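Basis for what follows: all heavy atoms, side chains included, without hydrogens, waters or symmetry-related copies. Keep in mind that what you see is a predicted model, and the values were worked out from it rather than measured.
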Amino acid sequence: MPVFIPDAPHQIGLAALLQAAYFDNDLKPLGTELIAHLDASPDDANAMMDLSIILQLLGNDASAMVTQGEAIRMRQLYHLPTARGRDVGLRLLAIVSAGDFMTNTPLEFMLGGSDIALDVLYVSPDRPLPPTLPAHDVLFIAVGESDDTHQLLRSLAEFAKSWQGPLLNRPEKSLQLSRDGVAAALQSQPGIRIPNTVRVERESMELIAAGRKSAAALLGDGDFPLIVRPVGSHAGNGLQKLSTAAEIPAYLLQHADDAFFISRFIDYSNADGQYRKYRIALIDGRPFLCHMAISDHWMIHYVNAGMYDSAEKRAEEEAAMAGFDKGFAARHRAAFELIQQRFGLDYIALDCGETEDGELLIFEIDTSMIVHAIDPIDLFPYKQPHMRKLFDAFRELLLRAAGRKSAA
């Protein structure tokens, strides 16, 4: 459990706090300590930002966003604890947006314990980039795609046109990553399966439920069962499979959102009845397997897939990681190359599976998925070397961007 140090020059940060929560540490006492500290030192922006993270982890999203906003009002620039205790080899400045854990590329998970010093600069349409950016070696646009960030990404794209320094993940490319945009870009591409994804307003959902509009006509590539989710949702929030139009009214009663993404459901279960979902990072186009989750339910999240309880599942994941380069990555090499060509981002992540006929089934592509190595080492000892390989590749990407050779 991380210990709060008043007036520390760094935040505790998301990586350390999420790991504490991951290991079932009670964050409420630390939150109480931070609140008491802020009563005495109300201008401590680091403490305010850490408190906002704790509130998010405890599920108090509205309070978390208010607290985060107050921290950003105090200060836009934050120094995250990545290279603490080490000589700094490179200074990375990330441009980020206010929001939850899925709003920005979570860089600190890939840089912890490295020689890369990470600063994050919060910007927004009403709090733009300063005339002179803080000192850095490489600039990374970490703002992910969402309705809430489109205006910011467009303004950053204008900034990037005249920026002369090393810059990774150009904002105009991130704007391509809406769910419907990704589906449209990859439709009918060889080796790739992705259902057409359509954004529909609530009224259209009500018309489908009433039989006055056809889901098949909207989608153009299938009908029920449908996958539906609120626009802007992540991590399975509001994600549901609807077998018939008769199920829509009950779904809408549970979700008051104004707009939804719909797509046809593709059964990607294997012969054993299990579903397998892969999280893969593409670093300068090279694929790295971050995890593979196995479940008897189509909607898979690693934390509820039973990976902690099943030695058999962990053994299969270990084998998948060990054989990834010559197995999964080799089978889908052309698909990964096509994805890299279409979107052109220096760093991107995707959740995917494999269809029965061997195509790469795309669930989601974005820049904000958490890629980490915080799983318990006693249960997942095989993950550490594979994640280290990924983190080293990301470090090499930064060094190349800065025009430096690796000292490793």
Side-chain angles (χ1 to χ4, degrees), residues 14-15 18 80 82 92-112 116 118-124 138-157 159-160 163 166-186 194 197 231-235 261 277-291 336-352 362-372 387 390-391 393-398 400-401:
L14 173 59
L18 181 60
L80 295 182
T82 53
L92 178 63
L93 176 63
I95 305 299
V96 301
S97 170
D100 63 19
F101 302 148
M102 300 301 294
T103 300
N104 304 293
T105 308
L107 295 167
E108 60 187 287
F109 288 91
M110 293 188 285
L111 298 175
I116 309 296
L118 173 62
D119 290 344
V120 297
L121 181 67
Y122 283 87
V123 297
S124 63
V138 176
L139 183 64
F140 191 105
I141 306 298
V143 179
E145 185 281 332
S146 72
D147 280 11
D148 291 338
T149 62
H150 279 185
Q151 182 182 351
L152 175 57
L153 283 170
R154 284 192 290 267
S155 68
L156 289 172
F159 155 80
W163 182 249
L167 186 150
L168 295 174
N169 270 22
R170 299 192 68 86
E172 65 273 16
K173 297 181 182 296
S174 291
L175 279 166
Q176 307 172 88
L177 297 180
S178 65
R179 291 185 186 275
D180 50 348
V182 168
L186 298 178
I194 184 168
T197 299
V231 169
S233 67
H234 291 281
F261 284 123
K277 187 175 81 170
Y278 303 78
R279 175 159 295 181
I280 292 168
L282 293 181
I283 298 175
D284 204 14
R286 180 183 174 188
F288 294 85
L289 179 58
C290 308
H291 66 233
F336 290 133
E337 290 174 352
L338 191 150
I339 290 168
Q340 182 64 24
Q341 291 167 5
R342 284 298 170 99
F343 299 109
L345 284 149
D346 304 286
Y347 171 82
I348 200 170
L350 57 152
D351 281 344
C352 59
I362 303 295
F363 303 131
E364 182 178 3
I365 298 179
D366 68 31
T367 60
S368 302
M369 296 180 191
I370 293 180
V371 171
H372 67 80
M387 297 309 296
L390 184 159
F391 299 156
F394 189 75
R395 176 179 177 274
E396 291 292 327
L397 170 69
L398 299 177
R400 287 196 301 275

(message) Within the structure provided, determine whether Glu172 and Arg154 are in side-chain contact (heavy-atom separation under 4.5 Å).
(response) no
(message) Tell me if a side-chain donor or acceptor on Arg279 pairs with a main-chain N or O of Val371 at a distance below 3.5 Å.
(response) no
(message) So, taking the atom named CG in Leu107 and the one named CZ in Phe140, what distance separates them when rounded to the nearest 0.5 Å?
(response) 5.0 Å
(message) For Arg286, give me all partners under salt bridge (charged side-chain N to carboxylate O under 4.0 Å, His left out), at least two apart in sequence or on another chain.
(response) none
(message) Tell me whether Thr149 contacts the main-chain N or O of Gly144 through its side chain, where contact means a donor paired with an acceptor under 3.5 Å.
(response) yes
(request) Evaluate the side-chain contact (heavy atoms from CB on, under 4.5 Å) criterion for residues Leu350 and Phe343: first the C-alpha distance (whole Å), next the side-chain angles of each, then the deciding distance (0.1 Å), finally the verdict. (result) CA-CA 12 Å; Leu350 57 152; Phe343 299 109; over 6 Å; no
(message) If you define the side chain from C-beta out and look only at heavy atoms, does anything of Leu111 sit under 4.5 Å from Leu80?
(response) no
(message) On a heavy-atom basis, which atom in Thr82 and which in Leu118 lie closest, and how many Å separate them?
(response) OG1-N, 3.3 Å
(message) Working to the nearest 0.5 angstrom, can you tell me the gap between Tyr278 OH and Leu289 CG?
(response) 8.0 Å
(message) Checking side-chain polar atoms at under 3.5 Å, does Asp180 have a donor or acceptor matched by the opposite partner on Ser178?
(response) yes
(message) Please evaluate residues Arg179 and Val231 with respect to the criterion side-chain contact (heavy atoms from CB on, under 4.5 Å), reporting the C-alpha separation (whole Å), side-chain torsions for both, the decisive distance (0.1 Å), and the verdict.
(response) CA-CA 9 Å; Arg179 291 185 186 275; Val231 169; over 6 Å; no
(request) For Glu364 and Asp366, work out which heavy atoms get closest and say how close. (result) OE2-OD2, 2.9 Å
(request) Starting at CG of Leu14, measure out to CG of Leu18 and round the result to the nearest 0.5 Å. (result) 5.5 Å
(request) Taking ring pair (Phe, Tyr, Trp, His ring centres under 6.0 Å) as the test, write out the residues that go with Phe363, two or more places apart. (result) Tyr268
(message) Distance check, rounded to the nearest 0.5 Å: His291 atom NE2 versus Met387 atom CE?
(response) 9.5 Å
(request) Take Ile280 and Cys352 through the side-chain contact (heavy atoms from CB on, under 4.5 Å) test and state the conclusion after the steps. (result) CA-CA 8 Å; Ile280 292 168; Cys352 59; 3.7 Å; yes
(request) State, yes or no, whether a side-chain contact exists between Leu186 and Ile365 at a heavy-atom distance under 4.5 Å. (result) yes
(request) Using the test side-chain hydrogen bond (donor to acceptor under 3.5 Å, both in side chains), find all partners of Ser368 that sit at least two apart in sequence or belong to another chain. (result) none
(request) Kindly indicate whether the side chain of Asp284, heavy atoms from C-beta on, has any atom under 4.5 Å from the side chain of Arg400. (result) yes
(message) Would you compute the distance between atom CG of Leu156 and atom CG of Leu167 and round it to the nearest 0.5 angstrom?
(response) 9.0 Å
(request) Would you check if His150 and Leu175 make a side-chain contact, meaning some heavy-atom pair closer than 4.5 Å? (result) yes
(request) Describe, in one word, how the ring planes of Tyr347 and Phe394 are oriented to each other, choosing from parallel (under 30°), tilted (30 to 60°) and perpendicular (over 60°). (result) perpendicular
(message) Please find the pair of heavy atoms, one from Phe288 and one from Ala393, that lie closest to each other, and give the distance.
(response) CZ-CB, 3.4 Å
(request) Please report the shortest heavy-atom distance between Val143 and Thr367, naming the atom on each side. (result) O-OG1, 4.3 Å
(message) What's the separation between atom CG in Asp119 and atom CG in Leu92, rounded to the nearest 0.5 Å?
(response) 8.5 Å
(request) Begin from the C-alpha positions of Met110 and Leu390 and carry the test side-chain contact (heavy atoms from CB on, under 4.5 Å) through to its verdict. (result) CA-CA 8 Å; Met110 293 188 285; Leu390 184 159; 3.9 Å; yes
